[in-house]
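These numbers come from the heavy atoms of this one structure, side chains and all, not from hydrogens, waters or symmetry mates. Predicted, not measured: the structure shown is a model, and the values here were computed from it. For the single chain, residues carry numbers from 1 onward in sequence order. In listed order, ligands and their atoms are each counted from 1.
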Amino acid sequence: MTIRAAVIGWPIAHSRSPLIHGHWLRRYGIDGSYERIAVAPEDAPRFFAELPGSGLAGCNVTVPHKEAALAACARVEPAAEAIGAVNTLWIERGELCGTNTDAIGFLANLDDRAEGWDRDPGVAVVLGAGGAARAIAWGLIGRGFTVRLVNRTLARAEELARRFGSGTTAHGWPDLPGLLGDSRLLVNTTSLGMAGKGDLEIDLSPLPGDVLVTDAVYVPLETPLLAAARARGLRTVDGLGMLLHQAVPGFERWFGLRPTVTPELRDIILADIEGRAP
Ligand code: ATR
């Protein structure tokens, strides 16, 4: 019988998850499907309540339903609890279970593309304090980093820092130059640098020469931040791998096989971003 999974959101047409899971289903010859389902915010509680009997093995959850998905679960993994959001759902003994794979997606991308990046963890500067920052900061704390959260709205960063406790500090943008000098890692989680959004204009000169710079934004693949870092000779990792790696645990849950993130998959998604044939 065909195993069915999906991604839900509102809107959902832009989601690239069907491309990722569709590629793996073909590559591994699995009798499965992965569809987009548009779920309006007011319909989300009913969607989650009916999911265990719906015939779907589970689904990915994207904006704006990640918090509602957490609330709807009978059981969640510690990552989802800590991040305060669920992006992957499955059914176990008739009950809705959830986790959040954004942190492991972020970490796996760096493990894959910047070998040894966490060998000597120290200070990580995280720009932003939204959902992505929350997942990434939690992941970095787990790898032994001290996280400095820098956000336009200081109160949001302070709220996150309180949540993660000692070692995590909150700062406003004007503090940034003084926060970079001893950092091992600089991560952008804001929407700045994304095609069509504002530019992230920061002076990278205080960064040490052995820092790693990475961006959660992957459209464009090389954001102005990454381009500026590369021009300075700094090590950089783009954000596309985070999208690819966060999809791995869901696929494994639903379809029973742990998929691999390959250059071929990366090119399929990149081709879609760039509007060309893979
Ligand atoms: P996500 O879940 O993708 O992290 P989000 O929760 O909407 O999305 O968070 C967006 C982040 O980008 C926030 O840190 C936001 O800063 P505020 O908390 O001050 O809103 C940041 N951001 C968005 N536009 C920005 C801008 N023009 N300048 C600075 N920061 C911006």
**Item:** Proximity to ligand 1 by part of Arg152, non-hydrogen separation under 4.0 Å
**Value:** both
**Prompt:** Do Arg253's NZ or CZ and the ring of Trp90 fall within the cation-pi criteria of under 6.0 Å and 45°?
**Reply:** yes
**Asked** Are Trp138 and Phe106 an aromatic pair by the rule of ring centers under 6.0 Å?
**Response** no
**Asked** Leu243 and Arg16: which non-hydrogen atoms are nearest, and at how many Å?
**Response** CD2-CB, 4.5 Å
**Prompt:** Which residue and non-hydrogen atom of the protein lie closest to atom 28 (N) of ligand 1, and at what distance in Å?
**Reply:** Leu192 CD1, 3.4 Å
**Asked** Counting heavy atoms only, which of Ile136, Thr190, Thr153, Asp102 is nearest atom 21 (C) of ligand 1?
**Response** Thr190
**Request:** Mark up the atoms of ligand 1 that fall under 4.0 Å of a heavy atom belonging to Arg156, in ascending order.
**Result:** 6 (O), 9 (O), 13 (C), 17 (P), 18 (O), 20 (O)
**Asked** Any sub-3.5 Å donor-acceptor pair from Thr153's side-chain atoms to Arg156's backbone N or O?
**Response** no
**Message:** If we set the cut-off at 4.0 Å for heavy atoms, which region of Asn151 has an atom near ligand 1: side chain, backbone, both, or neither?
**Reply:** side chain
**Item:** Shortest protein contact, atom 5 (P) of ligand 1 (heavy atom only)
**Value:** Gly130 CA, 4.0 Å
**Message:** Distance alone, cut at 3.5 Å: any donor-acceptor contact between the side chains of Trp117 and Glu115?
**Reply:** no
**Prompt:** Any nitrogen or oxygen of Gly131, main chain or side chain, under 3.5 Å from a nitrogen or oxygen of ligand 1?
**Reply:** yes
**Asked** Is a donor on one side and an acceptor on the other found under 3.5 Å between the side chain of His23 and the backbone of Pro18?
**Response** no
**Request:** For atom 23 (C) of ligand 1, find the nearest protein heavy atom and state the residue, atom name and distance (0.1 Å precision).
**Result:** Ser191 OG, 3.3 Å
**Message:** Between Asn188 and Asp215, do the side chains contain a donor N or O and an acceptor N or O under 3.5 Å apart?
**Reply:** yes
**Request:** Say whether Gly198 and ligand 1 are in contact under the criterion: heavy-atom distance to a ligand atom below 4.0 Å.
**Result:** no
**Item:** Trp173 neighbourhood, listing ligand 1 atoms whose heavy-atom distance to it stays under 4.0 Å
**Value:** 29 (C)
**Message:** Less than 4.0 Å from atom 2 (O) of ligand 1, is there any heavy atom belonging to the protein?
**Reply:** yes
**Item:** Val63 contact mode with ligand 1 (heavy-atom cut-off under 4.0 Å)
**Value:** neither
**Prompt:** Heavy-atom count around Arg119 CZ within 6.0 Å, excluding the residue itself: above 12?
**Reply:** no
**Complete:** Nearest non-hydrogen contact to atom 4 (O) of ligand 1 from the set Gly128, Ala132, Ala157 belongs to Ala132
**Complete:** From the list Thr99, Thr88, Asn100, side-chain hydrogen bond (donor to acceptor under 3.5 Å, both in side chains) partner of Glu77 resolves to Thr99
